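Worth knowing before you read on, the calculation uses all heavy atoms, side chains too, and leaves out hydrogens, waters and symmetry mates. Note that the numbering runs from 1 along the sequence shown for the chain. In this text the structure is predicted, and so the values were computed from the model without any measurement.
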Amino acid sequence: MTSQFHTIDPRILTPSDIELLQSLFDEEIKARRMTYDCPEAADLAARLVVLYQRGIRSKDSLRDRLKAAA
């Protein structure tokens, strides 16, 4: 569900947005066998947020974009 905040400013992340991003981040960290405190994990988190703020809201679409960038 798209929040009313996204129409005001797509950079605003709601708790449900954070939950989705955290879930995908956790999955990707595990799949890539990274630690949470490595520089690559920070880059991954930043890419996720940027993609989400650009309007890519589907977990599958985000995952596909991350794989394409890897």
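No single ILVMFWY cluster, assembled from side-chain heavy atoms under 4.5 Å apart, contains both L66 and V50.
Contact record, T35 with A41: O-CB, 3.4 Å, taken as the closest heavy-atom pair. Nearest heavy atom pair, residue I12 against residue D17, reads O-OD2, 3.8 Å. Smallest separation of non-hydrogen atoms from S23 and K59: OG-NZ, 2.7 Å. Between L62 and I56, the closest heavy-atom pair is CD2-O, 3.4 Å.
The CZ atom of F25 sits 10.5 Å away from atom CZ of R47, with the distance rounded to the nearest 0.5 Å. Between L24 atom CG and Y52 atom OH the span is 11.0 Å, to the nearest 0.5 Å. Expressed to the nearest 0.5 Å, how far CG of D26 lies from OH of Y36 amounts to 3.5 Å. With rounding to the nearest 0.5 angstrom, the CG atom of L21 is 6.0 Å from the CG atom of L48.
With respect to E40 and R32, no salt bridge is recorded, no charged nitrogen being found less than 4.0 Å from a carboxylate O. A salt bridge between D60 and R63 is present, with a side-chain N of the basic residue lying under 4.0 Å from a carboxylate O of the acidic one.
At a cut-off of 3.5 Å, with distance as the only test, no side-chain donor of D64 or S61 sits close to an acceptor on the other residue.
Atom CD of E19 sits in a sparse spot, with 12 or fewer heavy atoms from other residues, nucleotides or ligands closer than 6.0 Å.
A donor-acceptor pair is defined here as one N or O able to donate and one able to accept, closer than 3.5 Å; no such pair exists between the side chain of R65 and the backbone of L51.
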